[in-house]
Amino acid sequence: MAKLVSNVYGEALFELAMEQDRLDAYLEESQGVLDVLRDNQEFSQMMTHPNIIKEEKLQMVEIVFKGRISDEMVGLMRMIVEKDHFAKMPEVLTFFIDKALEEKKVGIAYVTTPMEVTDAQKKQIEDRLLETTAYQSFRMHYAVDADLIGGMVIRIGDRVVDSSVRTKISELSRELSKIQLKVGESAS
């Protein structure tokens with residue numbers, strides 16, 4: 001199975017960062033570039049527009065980023081433009097960021113609760129995650145979903161812990177639908 005473009009470039013950036021012992025620097029730059037791309041949709045649209053020639057796109061990378069980020073990061077962006085993969089740039093950076101954070105033993109947790117949680121509750125959740133995982137710290141993201149009714153859903157990478165009341169009711173409902181009593185048969 002062919003590797004995704006984002007994985008190939010993200011992996012190359014990770015290997016370069018490790019080789020140069022510049023993981024933290026590239027992590028910070030990657031987050032900054034990702035923020036620029038997310039905050040400036042017009043720039044991303046221009047960089048992927050089919051009627052804008054490649055040389056102009058390369059110039060734009062130089063104008064916008066040269067001197068603000070490392071030459072290596074500018075070089076990576078230029079290479080991605082050269083190969084007509086700029087639309088994948090956010091995925092490349094996200095892949096690298098996730099891999100770099102994993103290397104640094106920093107987990108990314110997405111916690112969804114039915115109502116806003118207090119700072120004290122957030123600390124309890126994070127402390128519990130630190131106790132039960134190999135991570136040394138977490139980047140926590142909280143969301144509210146009133147449909148959960150109670151409990152919470154925690155996602156770390158591809159692992160999900162769902163202790164929501166909504167899910168428990170759904171599971172109970174499925175189990176009850178499996179129980180079919182015949183007419184006249186006693187439940188005892």
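Of the N and O atoms on the side chains of T167 and S170, not one donor lies less than 3.5 Å from an acceptor on the other residue. Under the 3.5 Å distance criterion, with hydrogens and angles disregarded, no donor-acceptor pair is assigned to the side chains of R128 and T132.
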**Item:** E15 vs E11, side chain to side chain contact (heavy atoms under 4.5 Å, CB included): CA-CA, chis, key distance, verdict
**Value:** CA-CA 6 Å; E15 288 174 14; E11 186 69 41; 3.5 Å; yes
**Item:** Chi angles and distances behind the side chain to side chain contact (heavy atoms under 4.5 Å, CB included) call for I156, Y110
**Value:** CA-CA 7 Å; I156 302 170; Y110 297 89; over 6 Å; no
**Asked** Given L37 and F86, is the side chain to side chain contact (heavy atoms under 4.5 Å, CB included) satisfied, shown in steps?
**Response** CA-CA 11 Å; L37 297 178; F86 195 84; 3.9 Å; yes
**Item:** Residues D119, K123; criterion salt bridge (Lys or Arg N to Asp or Glu O under 4.0 Å); working and verdict
**Value:** CA-CA 6 Å; D119 289 342; K123 175 145 179 40; over 6 Å; no
**Asked** What do the steps show when you test E91 against T94 for side chain to side chain contact (heavy atoms under 4.5 Å, CB included), and what is the final call?
**Response** CA-CA 5 Å; E91 294 171 34; T94 299; 5.6 Å; no
**Request:** Go through the steps for D24 and K104 under the test salt bridge (Lys or Arg N to Asp or Glu O under 4.0 Å), then give the verdict.
**Result:** CA-CA 9 Å; D24 289 334; K104 293 170 63 61; 2.6 Å; yes
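V165 is not connected to V161 by any chain of hydrophobic side-chain contacts under 4.5 Å among Ile, Leu, Val, Met, Phe, Trp and Tyr, and they are in different clusters. Put simply, M89 and M46 are part of the same group of oily side chains (I, L, V, M, F, W, Y) that touch within less than 4.5 Å, one to the next. One hydrophobic cluster, built from ILVMFWY side chains closer than 4.5 Å, holds both L34 and V81. M152 and I149 sit in two unconnected hydrophobic clusters of ILVMFWY residues. Membership requires side-chain heavy atoms under 4.5 Å apart, directly or through other members. Hydrophobic clustering keeps V153 apart from V117 (ILVMFWY residues linked when any side-chain heavy atoms are closer than 4.5 Å, directly or through intermediates).
D98 contributes atom CG, which lies 4.5 Å from atom CD1 of I108 (distance to the nearest 0.5 angstrom). For the atom pair CD (E28) and OG (S70), the distance works out to 11.0 Å, reported to the nearest 0.5 Å. Between the CG atom in L13 and the CG atom in L93 there is a gap of 7.5 Å [rounded to 0.5 Å]. Summarising the geometry, atom CD1 belonging to I125 is positioned 6.0 Å from atom CD1 belonging to I154; distances are rounded to the nearest 0.5 Å. In this structure, CG on L76 lies 11.5 Å from CZ on F65, to the nearest 0.5 angstrom. The OG1 atom of T48 lies 10.0 Å from the CZ atom of F43; values are rounded to the nearest 0.5 Å.
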Taking distance alone, no hydrogens or angles, what donor-acceptor pairs closer than 3.5 Å link side-chain atoms of residues 137-148 to residues at least two apart or in another chain?
unit_1: Y142; atom_1: OH; unit_2: K122; atom_2: O; d: 3.3
unit_1: D145; atom_1: OD1; unit_2: D147; atom_2: N; d: 3.0

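More than 12 non-hydrogen atoms from other residues, nucleotides or ligands lie less than 6.0 angstrom from CG of D39.
Although no hydrogens or angles enter the test, the distance criterion places no donor-acceptor pair under 3.5 Å between the side chain of S163 and the main chain of G151.
With contacts defined as side-chain heavy-atom distances shorter than 4.5 Å, the pair V111/T113 qualifies. Considering only heavy atoms from C-beta on, N7 stays 4.5 Å or farther from V92 through its side chain. The closest side-chain heavy-atom distance from Y135 to L129 is not below 4.5 Å. Under the 4.5 Å side-chain criterion, counting only non-hydrogen atoms from C-beta, K83 is not in contact with V5. The shortest distance between side-chain heavy atoms of E72 and R22 falls below 4.5 Å. Counting only heavy atoms from C-beta outward, the side chains of M73 and S30 approach each other to under 4.5 Å. Contact check for K88 versus I80: no side-chain heavy atoms found under the 4.5 Å cut-off. In this structure, R166 and P114 have side chains that are not in contact, with every pair of non-hydrogen atoms separated by 4.5 Å or more.
For residues 42-51, there are no salt bridge (charged side-chain N to carboxylate O under 4.0 Å, His left out) pairs, not counting sequence neighbours. Residue pairs that meet the salt bridge (charged side-chain N to carboxylate O under 4.0 Å, His left out) test with at least one member in residues 48-70, sequence neighbours left out, are K54-D84, E62-R78, K66-D71.
Closest approach of Q31 to I97, counting heavy atoms only: OE1-CD1, 3.5 Å. Residues L23 and A100 approach most closely at CD1-CB, 3.6 Å, considering heavy atoms.
Of the residues F96, Y9, F95, the one that meets the side-chain contact (heavy atoms from CB on, under 4.5 Å) test with F14 is F96.
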